[in-house]
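Notes to accompany the following structure.
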Amino acid sequence: MADVTTLEQHRCFDGVQGFYEHASSEIGLPMRFGVYLPPQAQQGPCPVLLCLAGLTCNEQTFAIKAGAQQHAAKHGLVLVTPDTSPRGTGAPDADADWDFGHGAGFYLDATREPYARHFRMESWLMQELPQVLQEHFPVQMDRAGVLGHSMGGHGALTLALRHPGRFRSVSAFAPICAPTEVPWGQKAFGGYLEGDPSTWAAHDAVKLLGRGARVPALLVDQGLEDQFLATQLRPERLEQACAAAGQPLTLRRHAGYDHGYFFIQSFIAEHVAHHAKALAG
Ligand SMILES: N[C@@H](CCC(=O)N[C@@H](CSC=O)C(=O)NCC(=O)O)C(=O)O
């Protein structure tokens, strides 16, 4: 059994919010993640909601800022909050920009050097971490949902689309919907991925929908005062792709809300309820 080191634990809504580290063989470096165990986990394994954070975030950001634990405690869901990239990779420019490298792993496996060895977020999240969670925590990994914000919203959409059947529920706050068409995605994919841009479609939610991939009914919330709305997020592209594909989507646009965690806090209860409903039974 792989070792997991406990870094912190805190009582929270009668459950426990913890932060942990393990030596990841996929990443080749220590990786950190948060786990919130609701009170129901004292009685037995509970369904899991994987929560993917955005650019510049780490394993603590969503756990500290989103206010999700009270709702997870109500519904009996385990929250898992992974770090957003490997750390300390030694890649020369991995700390140069806030939208690439450390804190900006884009939830994919890099194929281009010098990133290919350590930037393996998709394999870590889809193969290694579920095994670690199963071994060390009271989780039902066969009852899992995924939620994400911004870059994490891109991660939630694309991981669910690329791994059919792994997630019973999917939702996002202000996701990067069409990364191959916007600067954040073009910079990340151009840096992390070998090959010409046509191969990037495998990590683009809009393109994946166009190729026939489907997910369970989607819930997406988007603030209309989001500073990244038109330049980086482009929810209308997801809306078009879902309509063309017959993919069920509830996209809610909210006047006055920006990109930050106050927006997430305002609607997190409905996202957790969306997942709890799909993960029940
Ligand atoms: N550092 C940047 C702002 C970075 C930023 O807004 N990050 C977002 C996610 S953006 C897409 O993935 C975030 O969630 N930040 C954490 C937070 O606590 O808000 C800048 O200085 O403009």
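Each ligand, and each atom within it, is numbered from 1 in the order the structure gives.
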Q. Can T180 and Q186 be counted as having a side-chain donor-acceptor contact under 3.5 angstrom?
A. no

**Q.** Other ILVMFWY residues reachable from Y257 by side-chain steps of under 4.5 Å
**A.** F13, Y36, L49, F62, L77, L79, L147, F173, Y261, F263, I264, F267, I268, V272, L279

Run through all N or O atoms in ligand 1 and write down each protein N or O closer than 3.5 Å, as a pair with its distance.
residue, atom, partner, partner atom, Å
ligand 1, 7 (N), L55, O, 3.0
ligand 1, 12 (O), L55, N, 2.8
ligand 1, 12 (O), S150, OG, 2.7
ligand 1, 12 (O), M151, N, 3.0
ligand 1, 18 (O), K65, NZ, 2.4

**Q.** Donor + acceptor pair across side chains of H22, T5 (<3.5 Å)
**A.** no

Q: Using a strict 4.0 Å threshold on nitrogen-to-oxygen distance, state whether E236 and R253 make a salt bridge.
A: no

Q) Do you see a donor-acceptor pair shorter than 3.5 Å between the side chains of H203 and T158? A) no

**Q.** Identified side-chain contact (heavy atoms from CB on, under 4.5 Å) partner of Y107 from the options E122, M126, M151
**A.** M151

